[in-house]
Structures are given as structure tokens and as C-alpha cells.
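For reference, the structure discussed in these notes is given below.
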Amino acid sequence: MKLFKKDYEKYTDEDLMRSFREGDRLAFEQIYARYENFMVNFFYRKLWNDRVKAEDFAHDLFTKIIDKPESFDLERNFKTWLFSVANNMCKNEYKKQEVRKNTGYDVPEGVEAKDDTILPDKAVDKANFAEQLKIELEKLNEKHKEVFMLRHFEGLSLNEIAETLEINAGTVKSRLHHATKALAEKLAVFRKTMI
Amino acid sequence: MITEVENIILNKEYFELTPEELERVSELVQGAEEYDEMKWFLGSAADVLQTDRIEASPQLKEKVMTHLHQQQGNRRFWLNGITIFMWPTDKEFYRRPAFQMSLAAILLIGFLMVYNRNIEPEGTMAVNQKVEMHDPNTTNEGNTEPGTAGELTDDDGATLEGSAELDNVNQPTGGATPYLGKSGVINSNPNDNKLSATQGEPVTTVTDADGFYYRPAETEEMLYDSNLQADDISVDNATNNERPGKLIETKVERDQENRGDRYKNDEAVSEEESEKNRSRFEKSGYKKSKESKKEINSNEVSDMSKSEDTSDETQPANFGSGNTGGAEIEMTEDPTSTGIYNTATLDQGYGKDNVSDIIPYQQSIKQTVELKSLFATFK
């Protein structure tokens with residue numbers, strides 16, 4: 001029985017974590033509901049679009065929070081902390097694999113991505129654009145790619161990206177700027193064909 | 001910021017940009033053509049990202065929740081929810097609900113204690129002040145034999161009505177507690193026999209704010225409202241013969257009431273009346289016996305806590321003359337009144353210069369002031 005019924009939807013992530021650290025289970029359930037899909041998709045893009053692996057990594061992430069809630073520093077932003085933990089998990093996974101897959105996104109069969117230029121005579125539709133985007137992302141520098149993905153795929157702000165990656169906000173800005181311009185130039189050919 | 005730049009590019013056309021926005025956008029694109037290309041790219045990338053998202057399976061949530069409920073080590077009773085709410089550790093001391101609620105409770109209780117305090121004055125009002133003095137030496141004999149001590153007689157030796165009653169309280173105390181003052185009863189109703197004192201009973205005198213002396217009542221109920229604060233009540237008592245505790249009516253006040261000119265200048269009236277009474281007294285033939293006069297005089301003196309010359313027994317009573325003592329008590333029968341009253345009781349020693357000596361020391365300051373003002377009117 002709860003004497004004081006709390007409206008967890010109005011709580012911030014940090015308040016929920018504080019309550020969970022004191023033993024409030026409902027607070028953690030609220031946190032899980034907020035970040036379940038975010039983390040699954042993050043791992044899905046990071047781990048070669050492997051759905052099963054993505055859910056496993058998401059399960060491991062949340063169980064770590066359940067086992068050690070005190071590992072979260074209440075002074076920090078929970079969202080950036082969560083993505084930083086997930087990013088470190090992916091780095092560890094990369095090391096375990098020892099083999100970095102150049103295609104970070106599984107490239108469907110029949111699509112060649114070796115040539116940097118896209119022949120304008122090839123009619124490509126919107127579906128091809130998506131595939132080509134993934135290919136071009138893999139060709140980017142890891143640092144630029146990481147920043148671009150956090151910004152456009154995860155929806156983090158510039159400061160949040162800086163906290164997640166533990167780098168300077170200006171560095172994030174420059175990397176993101178470079179990645180955006182490079183991808184826009186390489187995929188500009190699709191603009192003429194896509195209506 | 002890049003975020004702002006992207007939002008500007010996605011939401012506005014190049015020609016719609018303000019100078020400030022154009023300056024920001026110039027960090028990413030140069031010119032209108034690049035602006036359009038970037039606008040298309042960002043829009044297309046957002047569409048791709050939206051379609052490329054996946055949903056977590058229900059089994060994932062089930063696994064996580066199972067693991068959550070299996071952890072009992074850090075689980076606490078539901079009461080911790082209250083503790084967390086009342087005493088959060090991450091907030092300042094003054095911002096914690098427990099501190100704020102306790103402070104509010106203290107203020108509320110303090111306000112209620114102050115608001116509900118007993119505000120009744122403790123003895124500040126002169127209401128029913130009663131002083132009981134038990135003097136074993138006091139005798140209250142209702143001796144009505146003519147010529148005896150304490151009895152007033154006329155020239156023929158007839159006992160004046162009420163004279164014995166007058167004598168009952170004018171006895172020397174002999175004890176430690178002095179009288180509050182002379183007290184006597186002038187019964188305007190000769191047929192009233194209620195006020196006979198009994199022998200051996202302790203004398204209780206009561207004095208009201210107006211300075212009127214009350215005959216000691218036989219019972220405590222008779223003392224009810226015998227002490228009067230308002231002048232109108234004292235007047236009511238004077239006229240209401242059935243109320244316990246008779247007033248010694250002053251001739252002045254009685255005449256005023258009879259005439260209905262209550263609001264006449266007291267000083268002028270008293271002066272006028274005093275002249276009349278003076279002449280009447282001088283003509284009256286009622287004289288008290290020497291012994292009774294001496295005794296009364298001595299009692300009056302002792303009661304008033306003053307030592308006056310009481311040897312002069314021939315000096316007549318004198319209104320406002322400053323005669324402090326020794327004056328014989330002369331009784332008069334006012335044909336206009338319904339009874340006999342002893343004006344000398346009040347007249348004697350109530351001169352201008354002796355008011356302060358007459359006023360018993362036991363009276364309160366308020367009563368003292370009122371007595372002084374009252375005596376001033378008798379001049």
C-alpha cells in the first residue's frame with residue numbers, strides 16, 4: 001500500500017534513479033519504459049543490425065542498473081550516462097570480435113559499395129537511399145560516424161553527445177559538421193532522382 | 001549550435017532567413033544551392049531513420065522485470081517511500097518536507113495557544129469585592145434599649161429607628177483588621193426588619209466604588225452585588241429597598257432623584273443641600289447620648305485610621321467644614337424623606353482637608369479616587 005502515490009511520469013530521470021536507489025521499484029519500471037526502445041535501437045545499429053544481439057545487450061544494460069544502481073552518479077545526466085555505458089559495451093564487444101566489420105550496417109546482397117561515386121544514370125529510389133546512407137556512414141571516420149549517429153539516430157543534443165563521449169562540445173560540433181557535409185555531398189545524386 | 005542550424009534549415013527557405021539565422025547557417029552551408037541540398041539531405045535522413053527503427057519484444061521486458069523482482073537485497077519496506085518523501089538526502093535541510101511540516105505545526109500550535117489563552121482579568125475589575133474580617137472582639141448587639149451604647153435616641157429618649165442597626169457595625173474592632181469604614185443602615189423603609197444584626201457574628205463590611213457603605217449582610221447572598229461599580233446601580237440600590245445591602249443614602253442624591261434632576265450640577269446641589277441640612281441640624285433637637293457619641297466618634301476615628309480630637313462633643317456636625325471629629329452626631333428627620341438618615345455619619349470628618357485621612361487604607365486606588373471626587377461634591 002502506498003501512502004503517497006507518486007506520478008512517475010512527471011519525475012525526471014535523475015529523480016527516478018534516486019527513488020530506485022532507495023528501493024522504489026516503480027521508479028525503475030518508469031525508467032525502463034522510457035529507454036527500452038532507445039537502447040534496443042542503439043544496440044541494433046551498433047551491432048550490425050542484429051536484433052537478437054541488440055536485445056541481449058539491452059537486457060544486460062538494464063540488469064547492470066538493477067544490480068548496481070549506486071553506480072549512477074546523481075549529479076550527472078542519466079540519459080548521457082546510459083548511452084555512455086551502452087557505447088562502452090559496444091566497444092568491448094568490438095574488441096571481443098577483434099574484427100571490425102566495415103559494414104557496420106549489413107549491406108544487402110547485390111549492392112556494391114566500393115566505388116565512392118554514384119553513377120547518376122542509375123535510378124535509385126528512396127529505398128536505395130537508405131541503403132546507401134548506411135554504406136556511406138560506414139565509410140566515415142569512426143569518430144565522425146559516432147557523432148553523426150548519436151545526433152541523428154538517437155536524437156541527442158550537442159551537449160549530451162559531448163557528455164556521452166566525454167569530449168568537448170566544440171569537438172562534437174566540428175565532427176558533426178564534417179560528417180553531415182560529407183554525407184550530403186555523397187548522397188546529393190539521389191536528390192535529382194528522388195521526387 | 002548545430003541543432004539550431006538543422007532546425008532552421010529544415011523549417012525555412014533560404015530567402016526566409018534572417019541575418020542572424022543566415023550567419024548561423026553559414027557555418028554549415030555556403031550559398032543557397034548548398035542550403036537546398038542540405039535541406040533535402042536532412043529531411044531524407046530523418047525519414048530513413050524513422051522507418052529503420054525496431055520495437056523491443058515483450059520477452060525482453062519480462063526478463064528485465066523478473067530480474068528486478070528477484071533482487072531482495074536492496075528492497076525495503078514500503079515505508080521507505082514515506083522516508084524518501086519526508087527526508088530526501090539530496091536537498092537542503094530547510095527544503096525537506098519533514099522540516100517544513102514540523103515548522104508549520106509548531107507555528108500553528110503556538111498560534112492556537114496564544115489565541116486560546118485565558119484573557120480574563122484577574123481581579124482587575126472591582127466586582128463584588130468582599131472583605132471579611134473576623135474580629136472576635138466585635139460585638140454586634142442589636143441592643144435597642146434606650147440610652148445604651150450605640151443607640152441613638154431623640155430628646156424624648158425614644159429610640160430612633162434603625163439606630164440599633166447603625167450601632168451594630170460601629171464597634172471598635174480591637175483586632176488587627178480595621179474596618180473598611182463606617183457602615184450603617186438607614187432603612188428608608190421603617191418596616192424593613194431584615195437588616196438586624198445578630199450578636200456575635202463577624203462583621204462584614206462592604207464598600208462600593210462610590211464610597212457607600214453597606215450594612216453587613218447576614219448571608220453571603222445578601223452581599224451579592226452589594227459592591228457597585230456604576231453610579232446608576234448604586235442609585236438603584238438606594239431606591240430598591242428589597243435588595244440586600246442597604247446604602248446610606250445621601251440626602252443630596254435622594255433629593256436629586258426625587259426632583260428628577262439627576263444631572264444637575266452635583267457640586268452646586270451638594271452645596272445647596274449642605275446649607276439646608278446644616279441649618280436643619282442646628283435646629284434639630286436630636287442628640288445622641290454622650291456615651292454613644294464618644295463611642296461612635298472613637299470608632300470612627302479608629303476606623304478611619306486617624307487620630308482626631310474627639311473631645312469636643314458639643315461641636316455640631318458640619319458639612320464641609322473640615323471638622324474631623326468630636327462632633328456630635330445629630331440626627332434629623334427630614335419631613336421630605338421617608339425615613340431617618342444620619343447625614344452626620346458622612347458629614348463628620350468628611351471635610352475637604354480630611355478626605356485622605358478618612359479613606360480607609362484598604363480601599364483600592366480606584367475607590368480612593370472616586371471617593372475623593374464624591375466628597376468634593378459635598379462641599
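A, B, ... follow the sequence lines: proteins, then strands. Residue 1 opens every chain.
Not less than 6.0 angstrom separates the ring centroid of B:W40 from the ring centroid of B:Y35.
The cationic group of B:K91 does not satisfy the cation-pi geometry with B:F99, failing either the under 6.0 Å distance to the six-membered ring centre or the 45° limit from the ring axis.
Of the listed residues B:V64, B:L42, B:V29, the one with more heavy-atom pairs under 4.5 angstrom with chain A than any other is B:V64. Between chain B and the options A:L74, A:I65, A:T63, A:L133, the largest number of non-hydrogen pairs under 4.5 Å is found for A:T63. Put simply, of A:M39, A:H59, A:E29, the one with the most heavy-atom pairs under 4.5 Å next to chain B is A:H59. Considering only heavy-atom pairs separated by less than 4.5 Å from chain A, the leading option among B:M38, B:E37, B:Q59, B:K61 is B:K61.
Within the 4.5 angstrom heavy-atom criterion, only side-chain atoms of A:F148, from C-beta onward, approach chain B. Using a 4.5 Å cut-off between heavy atoms, A:L183 contacts chain B through both its backbone and its side chain.
Under 4.0 Å is where a charged nitrogen must lie from a carboxylate oxygen, and between A:E55 and B:K63 no such pair does. Ion pairing of A:R18 with A:D15 is present here, as a side-chain N (NZ or NE/NH1/NH2) and a carboxylate O approach within less than 4.0 Å.
Pairs passing the side chain to side chain donor-acceptor pair (under 3.5 Å) check and including a residue from residues 160-171 of chain A, sequence neighbours excluded, read A:T80-A:E163.
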